[in-house]
Amino acid sequence: MDTNITPSNFIEQAIVEDIKTKGLKKIVTRFPPEPNGYTHIGHAKAICIDFLTAEKFHGYTNLRMDDTNPSKESEVYVKALMNDIKWLGFKWKHLYYASDYYEFIYQCAIDLIKQGKAFVCDLAADQVSNMRGTLTEPGQESPYRNRSIEENLKLFEEMRAGKFADGEKTLRAKIDMSHPNINMRDPVIYRIMHVRHFRQGDKWCIYPMYDFAHPLSDAYEGVTHSLCSLEFEDHRILYNWVIDNCRILPGVKPRQIEFARLNIDGTVISKRYFHELVDGGYVDGWDDPRLPTLASFRRKGYTPTSIREFCTRIGVAKSNSVVQPHILEACIREELNKNAVRAVAVIDPIKVNITNYPANKTEKIKVSNNPTINNSKKHDMIFSNELYIEREDFMAEPSPKFFRLTPNGYVRLMGAYIIKCDEVIYDENGNIDHLNCSIVYDAKEQGIKPKGTIHWLSRPHAIKVTTRKFFNLLKEGEVFESGMLDKIINPNSMVEHTSFVEPFVLKQKGNMQFVRMGYYIEDSKLSKKTDRYYIETVSLKDSK
RNA sequence: UGGGGUAUCGCCAAGCGGUAAGGCACAAGACUUUGACUCUUGCAUGCGGUAGUUCGAAUCUACCUACCCCAGCCA
């Protein structure tokens, strides 16, 4: 095993130490999602950590569905999870299900009972809770704690056989009711649930708890490093207890290492709340552009590499940090800048008439598909006397630093002519109806060099679309709390415009970057829904 | 009043006793038929605080302070 690998974070550092001290031959990690919701950006971080860490040490990663609670899980989510992991570009070595180990886990429980380290408890849930003690006071031992091994064995078998109702009995590890760590106060490791499992059917009516199934699954698979998020730090002591006390476990003991989960400013990352938002109809579905699910990012045109790059940039550490969304945006913008085909979109249009251009005339104007690429392909835009320009590109009363179109001012139409705004025509409400402009054919001779360049579209040729800009779910610094659902997605969280794009975009298949003067709509993809086209934008880069 | 953690630039984050990497953001300038991109430059005498050890401390020690997680038969 190569020990000359330079660790780049504390996890890799720990692994390097383990390789030296334990003589590990192969590094194995696992990504263990519970299939009870769609993949989100927080998963993506964990996926990257799990897969990239193993990859760095020339090891491998398993995908394991942590399906130990049949009441919340379904096949739909395992498909989505697998699809999203593949989409991110990762390949798991083995696909496992914790439910495949139910028999093994059951045998481990029996082994624990035989050692006198587990007992069947008849206490009801609220009684267990009451007797657990508090954070500062020790708990009380269950009156069933000292049943004989034989009785425990018999009872546990009967639990499996379905002799008891839900909640009537549990199997508990016999550890220490006065342990300062509450997880060690005789934790429940098996509960009775007469619920059909999406893979096991009705084969089982007892299901192992996470704290029992997880370490056993890791060890069973030969996982060497079990990477999880910080909230499981308290569970590590139990994790190790399970592994240390199961005598029928093969192989090396896995080591659990915790890292901080991802927080993004203004974003709720929680499967539970996604369920509420989706089920409550607050959002369109799991791929609603406002949700930070991978399905949503995919729909908005984010690429897998940009998500991966984001995960790399934010790093891995143990401090509870909140990253700013613009880091992700920078990742996708950077990539799109280099690769994406660019097209013009006029998001919020105003009409411009060119008074000195023949009404029936059109001409083709060659536009580069991506000016950052040398010799990039070009496509045609059609110029006519009837145009749209962006409302923001005209100011009736310009500020000093504004150098786009102003009354009697000059501006360059991208790829085409320099025009002068001769007249502003208002409607009866005092809003701008259209602009009358003229082409300055002899700008060179006159020495006119406009500072600004704006984009434009020929009105007769433009394709009508709807653009929707979404804002973050939460305001800056706001923390999501239950009961805030209706406040989260308010009418102001979306602005919709009737917009126009050039016909060229209809022929494009991949991601596009839509051009506006001074802005990039970074994450856009033309998608056809029913009879309308939508460009869903998440954020705009305001360059001034 | 218990246990487990974390504190380094606006936001992430390296650093592991030898005198504060990098990215994002921001600012200034150059270039420009996208105010984009690209380029160049700037951006912590300071590492939660206070003492101490040391020739030398973000790194070691002590004591504080702030914040996060834990009392599901969820994961």
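All values below come from the heavy atoms of this structure, side chains included, with hydrogens, waters and symmetry mates left out. The chains referred to below are lettered A, B, ... by the order of the sequence lines, with proteins before strands, and numbering in each begins at 1.
- Checking B/C24, B/G2, B/A14 against the side-chain heavy atoms of A/Ala330 singles out B/C24 as nearest.
- When each of B/C37, B/A75, B/C73 is scored by its nearest atom to the side-chain atoms of A/Thr68, the top-ranked nucleotide is B/A75.
- Across all strands shown, A/Glu258 has no heavy atoms under 4.0 Å from either base or sugar-phosphate atoms.
- Take A/Arg132 and apply the salt bridge (Lys or Arg N to Asp or Glu O under 4.0 Å) test, not counting sequence neighbours, and it matches no residue.
- Listed nucleotides: B/C37, B/A71, B/C74. Nearest to the side chain of A/Lys72: B/C74.
- Side-chain nitrogen and oxygen atoms of A/Ser321 include at least one within less than 4.0 Å of the OP1 or OP2 phosphate oxygen of B/A13.
- At the phosphate of B/C74, OP1 or OP2 sits under 4.0 Å from a side-chain N or O atom of A/Arg191.
- Straight-line distance from the CZ atom of A/Arg172 to the P atom of B/G72: 12 Å, rounded to whole Å.
- Between A/Arg261 and B/A75, a side-chain N or O to OP1/OP2 separation shorter than 4.0 Å is absent.
- Residue A/His214 is out of contact with every strand shown, counting any heavy-atom pair closer than 4.0 Å.
- In this structure, A/Arg333 does not reach the B/C24 phosphate: none of its side-chain N or O atoms is under 4.0 Å from OP1 or OP2.
- Contact annotation for A/Ala260: no contact, since no heavy-atom pair falls under 4.0 Å across all strands.
- Side-chain N/O atoms of A/Ser8 include none lying less than 4.0 angstrom from OP1 or OP2 on B/A14.
- If you measure from atom CG of A/Asp176 to atom C1' of B/G3, you get 13 Å, rounded to the nearest angstrom.
- Summarising the geometry, the separation between CE on A/Met184 and P on B/G4 is reported as 12 Å, rounded to the nearest angstrom.
- In this structure, of B/A75, B/U33, B/G5, it is B/G5 that holds the atom nearest to the side chain of A/Leu230.
- In this structure B/G18 sits in a base pair with B/C55, meeting the Watson-Crick or G-U test at under 3.5 Å.
- Heavy-atom distances under 4.0 Å link RNA chain B to A/Arg313, A/Ile314, A/Val316, A/Ala317, A/Lys318, A/Ser319, A/Asn320 of residues 305-320 of chain A, given in residue order.
- In this structure, the nucleotide among B/G2, B/U33, B/C73 sitting nearest to the side chain of A/Pro180 is B/G2.
- Side-chain proximity of A/Val128 to B/C73, B/C12, B/C70: nearest is B/C73.
- Comparing B/C74, B/C70, B/C73 against the side chain of A/Asn69 picks out B/C74 as the nearest.
- Residues A/Ser129 and A/Asn9 both approach RNA chain B. Their nearest nucleotides, taken by heavy-atom distance, put A/Asn9 toward the 5′ side.
- In this structure, a donor-acceptor pair under 3.5 Å is absent between the side chains of A/Ser376 and A/Asn369.
- Taking every heavy atom of both residues into account, A/Ile354 and A/Ser384 meet most closely at CG1-O, 4.2 Å.
- The pair A/Lys174-A/Asp186 does not meet the salt-bridge criterion, since no charged nitrogen lies less than 4.0 angstrom from a carboxylate oxygen.
- With hydrogens and angles left out, the side chain of A/Asn181 and the base of B/G4 share no donor-acceptor pair within 3.5 Å.
- Residue A/Arg132 has no polar side-chain atom (N or O) positioned under 4.0 Å from OP1 or OP2 of B/C70.
- Residue-level contact check: A/Arg185 touches neither bases nor backbone, having no heavy atom under 4.0 Å from any strand.
- Two residues, A/Met193 and A/Thr134, neighbour RNA chain B, and the one matched to the more 5' nucleotide by heavy-atom proximity is A/Thr134.
- Within the nucleic acid shown, A/Phe403 comes within 4.0 Å of at least one base atom, counting heavy atoms only.
- The backbone N or O of A/Tyr210 lies less than 3.5 Å from no partner atom in the side chain of A/His214, so there is not a single donor-acceptor pair.
- Looking at A/His194, its side chain does come within 3.5 Å of a backbone N or O of A/Phe164 through a donor-acceptor pair.
- At a threshold of 4.0 angstrom between heavy atoms, the contacts of A/Phe402 include nucleobase atoms, whether or not backbone atoms are also involved.
- Using a 4.0 Å heavy-atom cutoff across all strands shown, A/Tyr190 reaches no nucleic acid atom at all.
- Ion pairing of A/Glu12 with A/Lys56 is present here, as a side-chain N (NZ or NE/NH1/NH2) and a carboxylate O approach within less than 4.0 Å.
- A/Tyr102 pairs with exactly one of A/Tyr220, A/Tyr97, A/Trp204 by the ring pair (Phe, Tyr, Trp, His ring centres under 6.0 Å) rule, that one being A/Trp204.
- The closest side-chain donor-acceptor pair between A/Gln256 and A/His235, if any, does not fall under 3.5 angstrom.
- B/A62 is paired with B/U50 under the criterion used here, namely a Watson-Crick or G-U wobble arrangement in which both key atom distances are under 3.5 Å.
- The CD-C1' distance, from A/Glu137 to B/U1, rounds to 9 Å in whole Å.
- Base contact: A/Leu123 has a heavy atom under 4.0 Å from a base atom.
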field: Test side-chain hydrogen bond (donor to acceptor under 3.5 Å, both in side chains) applied to A/Asn36 and A/Glu73, step by step
entry: CA-CA 5 Å; A/Asn36 67 347; A/Glu73 298 150 3; over 6 Å; no
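- Residue A/Pro33 is classed as having no contact, given no heavy-atom separation below 4.0 Å to the nucleic acid.
- In this structure, A/Arg404 atom CZ and B/U32 atom P are separated by 20 Å, rounded to whole Å.
- Across all strands shown, B/U40 forms a Watson-Crick or G-U wobble pair with B/A28, both key distances being under 3.5 Å.
- Searching all strands for a Watson-Crick or G-U wobble partner of B/C73 with both distances below 3.5 Å returns nothing.
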